[in-house]
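Note: hydrogens, waters and symmetry copies are ignored here, and every other heavy atom, side chains too, is used. Every chain is numbered from 1 and lettered A, B, ... according to where its sequence line falls, protein lines coming before strand lines. Predicted, not measured: the structure shown is a model, and the values here were computed from it.
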Number of protein chains: 4
Amino acid sequence: MTSPPLTRAEQKKLELRRDIIEAAFDVFAEKGYHATGIADIAARLGIGHGTFYRYFENKRDIVEHVVDDLIGRIVGALADENAPDAVDTLEDYRAQTARIGLAFGRIALADPRIPQMVILQAPGIDPAMGERIQDFFATAEGLTAKYLERGVSLGYLRPDLDVAGTSVAINGMILGSLLAAIRNPDAGAQERLSEAIRRVMYDGISA
Amino acid sequence: MTSPPLTRAEQKKLELRRDIIEAAFDVFAEKGYHATGIADIAARLGIGHGTFYRYFENKRDIVEHVVDDLIGRIVGALADENAPDAVDTLEDYRAQTARIGLAFGRIALADPRIPQMVILQAPGIDPAMGERIQDFFATAEGLTAKYLERGVSLGYLRPDLDVAGTSVAINGMILGSLLAAIRNPDAGAQERLSEAIRRVMYDGISA
Amino acid sequence: MTSPPLTRAEQKKLELRRDIIEAAFDVFAEKGYHATGIADIAARLGIGHGTFYRYFENKRDIVEHVVDDLIGRIVGALADENAPDAVDTLEDYRAQTARIGLAFGRIALADPRIPQMVILQAPGIDPAMGERIQDFFATAEGLTAKYLERGVSLGYLRPDLDVAGTSVAINGMILGSLLAAIRNPDAGAQERLSEAIRRVMYDGISA
Amino acid sequence: MTSPPLTRAEQKKLELRRDIIEAAFDVFAEKGYHATGIADIAARLGIGHGTFYRYFENKRDIVEHVVDDLIGRIVGALADENAPDAVDTLEDYRAQTARIGLAFGRIALADPRIPQMVILQAPGIDPAMGERIQDFFATAEGLTAKYLERGVSLGYLRPDLDVAGTSVAINGMILGSLLAAIRNPDAGAQERLSEAIRRVMYDGISA
DNA sequence: TATGAATGAGCGTTCATTCAT
DNA sequence: AATGAATGAACGCTCATTCAT
């Protein structure tokens, strides 16, 4: 692993690159992708809009990076928890789901525009981006399935559990809670929602 | 019951109107709203694009009607089941959720582009449409809550059930299953998914 | 001179033709030629706009007829007075100018939209119409010149009178008074204006 | 007097702005406002039509500037003479009117499209522009009235002069001579016309 | 390297005109 | 003869992208 020795200029470039991504996210979230002009993004940073093209290929390129960045933030926030192998008991899993719920809550609370962009804006940008988001969902389901499979084989989850279907259900609940958080970005509500989901998961709803 | 006496010409007009809505849905689903030109819609029907404007105000107007139509189809398909008052026991509710699951399955199966359009495309069209879809979600949650409240007060659902949060969770699972159906529009998968959701709801996932 | 025996149907046709010309004048005066659609004219009469084309070739045709009609009305209103040969003395001419002034006043008073259309709207419709209006002005000047020439040769006007130039001047004063009448369509003002013009003509302005 | 320090680029911008106004005037005068497309204006300058929109808001904006420019040129050409207070005797006034006549003659002679545009084209562009031109006429009359009032009170004009009406008459004669100049842009004719008008003004037409 | 002036493809929309009914 | 549904040419305007400075 060579640690690249960055010159002052190179650092500045990387910094501006990041700034552009953030500014683009701001404007996209505010006006929507199609209503946003490159000039809007540049104006927000006080740079010439020609400069934009020295950092990104085109409009499509920047939204790609914005979405990648957001997905990266989500994945990153969950990274610590992403270890199906570390879960061995129902207690572990319960705790794990609580931590994941907490992580999602923090993301949505820190910036509700993140789920708003990823779930509601991005899929409509164009077919390619739609597929990209669908893939992200599929990946999340795959990960959930890993947990469930392990739970079944270790015996702390129902042996007849439909792993694939239940993954969809669990991820759906997370999705639902994120959409709810967009409408009502409130810490308490977030917490209650997370708890309600876990109750459904572990206890069902019947009396 | 007034039977509207439609002339031949009026019937043709209504028919073309419907055809335009359907053609627009086709093209929007294929290329996305913004990449679709009025000319594309007209060309698909073999009509002049000026004709389009005899039936709809503008591009925004048609997508409004397309989405209304789709939401209408969804609501219509559920209309028979939308009677919280008719549910009195856990068995009733279980049967009810099965029927609702079936209805959603049929919708997604009949045309996966319906959930694709409503859930993934529409919210990104513009802020107004985004709000419209969010409202639709909120309405669905409200309806679910009605069922849950009744279940709690009649005693067949957990007395400590977080009605609001659980509504979000349940609707999230439906959303998740619809997204899954978009990726994999298969009757069997749909059915299994529906069953898995119900199992989570009633039995939880623990062993 | 054969007096054409008009059937009932033919009379109705002529009547509608006139109605269309009048409706067109109304709408042109209200919205301007270019902002007026054929549909606007038809709507004002409660006829289908296809019907319009059974009476006039096209939009250009109707405005031609409207303007012709207006010019015809102006010329008609002056027709009685249009007899340079009947003027033999300064008194005659003075009376003649008074009558002409009165006639113009009546026109502008009856409907200020007439000068407004002919002087201010029509010339800008297209180069051809512009020329048409210029020709009308030229014709008016020619007629004025006839009077002046006769006045000079009969000796009651200045022998060194610049007939052509003075015709321009006199017609200009009429034009000015019509424009003033558009701004302020008032009988008294009209009358005073007419008098002022005659005073300038006959007495000049010096003390 | 601030001397604005213009960079080379800024000068070029201003220059192009002027060029666009002039090109627009050319095309408007040739084809009329409504028959002129932005593309026509751009083509005449050999610039892309998108460039046009970097300098003017829209089509309406450019014609506004064109007309302003022309009115400005007219007013500017008369500016030296616009001093009613400097006129104290009939001789002064006679000289003044001669100078004004000369100025108008020069304008019309330099470019007969100037009066053509202001008097014949502009009023028909739309109601707002129509009013603008009418206001211009009214202003001109007001100025003329100032001269006449002073002349009456100083005693070198008829005491019973109808100031308002005579202003209309005088401005009408100018208008008429400008229209004549459009039809026949000739220096000699212009000069004769100006003289004829003054003769009418001061001496009347009677023998 | 940063800039922003220039560009033109592309699209939404209008409306005069035609013609089948 | 009257209608109005259909049509498509035409045009105003936007904005992503390029490139000379």
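- Rounded to a whole Å, the CG atom of D:Leu14 is 12 Å from the P atom of E:dA5.
- B:Asp135 pairs by the side chain to side chain donor-acceptor pair (under 3.5 Å) definition with nothing, not counting sequence neighbours.
- Atom CD1 in A:Ile41 sits about 17 Å away from atom C1' in E:dG4, given to the nearest Å.
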Bracket string, DNA chain E, 5' to 3' - pairs by Watson-Crick or G-U geometry under 3.5 Å, | interstrand
.||||||||||||||||||||

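- As a whole-Å value, the separation of B:Gln11 CD from F:dA5 C1' is 17 Å.
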For nucleotides 7-13 of chain E, give me one character per nucleotide, 5' to 3': B if any protein heavy atom sits under 4.0 Å from the base, S if the only such contacts are to the sugar-phosphate, - if neither.
BBBB-SB

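- Scored by the side chain to side chain donor-acceptor pair (under 3.5 Å) test, C:Glu64 finds C:Arg60, C:Arg132 as partners (sequence neighbours excluded).
- For the pair A:Lys12 NZ and E:dA2 C1', the interatomic distance rounds to 13 Å; values are reported in whole Å.
- For the pair D:Ile47/D:Ile20, a side-chain contact is recorded, criterion being any heavy-atom separation below 4.5 Å from C-beta on.
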Side chain to side chain contact (heavy atoms under 4.5 Å, CB included), that's the test. Do B:Arg18 and B:Asp69 meet it? Break it down for me.
CA-CA 10 Å; B:Arg18 266 237 65 78; B:Asp69 182 57; 3.3 Å; yes

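- Of the side-chain N and O atoms in D:Tyr55, one or more sit less than 4.0 angstrom from OP1 or OP2 of E:dA6.
- Remark: C:Pro115 engages C:Ala108, C:Ile119, C:Leu178, C:Ile182 in a side-chain contact (heavy atoms from CB on, under 4.5 Å) (not counting sequence neighbours).
- Contacts of A:Glu131 classified as side chain to side chain donor-acceptor pair (under 3.5 Å), with partners at least two apart in sequence or in another chain: none.
- Put simply, CD1 on C:Ile125 and CZ on C:Phe28 are 7.0 Å apart, with the number rounded to the nearest 0.5 Å.
- Near DNA chain E, defined here as any heavy-atom distance below 4.0 Å, there are no residues from residues 23-31 of chain B.
- Atoms CZ (C:Phe56) and P (E:dT18) sit 16 Å apart, rounded to a whole Å.
- With a 4.5 Å cut-off on side-chain heavy atoms, A:Ile133 and A:Val67 count as touching.
- B:Arg17 has its CZ atom 15 Å from the C1' atom of F:dA5, to the nearest Å.
- Partners of B:Phe52 according to the ring-ring contact (aromatic ring centres under 6.0 Å, His included) rule, which considers only residues two or more places apart in sequence or in another chain, are B:Phe56.
- Remark: B:Asp19 pairs with no residue by the side chain to side chain donor-acceptor pair (under 3.5 Å) rule, at least two apart or across chains.
- In this structure, B:Leu16 CG and B:Gln11 CD are separated by 13.5 Å, a value rounded to the nearest 0.5 Å.
- Applying the side chain to side chain donor-acceptor pair (under 3.5 Å) definition to pairs two or more places apart or across chains, those involving residues 26-45 of chain C are C:Asp26-C:Arg113, C:Glu30-C:Arg44, C:Lys31-C:Asp40, C:His34-D:His34.
- Applying the side chain to side chain donor-acceptor pair (under 3.5 Å) rule to pairs touching residues 47-58 of chain B yields nothing, sequence neighbours excluded.
- If you measure from atom CG of D:Asp19 to atom P of E:dA6, you get 11 Å, rounded to the nearest angstrom.
- DNA chain E lies under 4.0 Å from no heavy atom of any residue of residues 123-133 of chain B.
- What separates CZ of C:Arg8 from P of F:dA1 is a distance of 17 Å, to the nearest Å.
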Evaluate the criterion side chain to side chain contact (heavy atoms under 4.5 Å, CB included) for residue pair B:Phe25 and B:Met117; output intermediate values, then yes/no.
CA-CA 8 Å; B:Phe25 175 37; B:Met117 186 77 193; 3.9 Å; yes

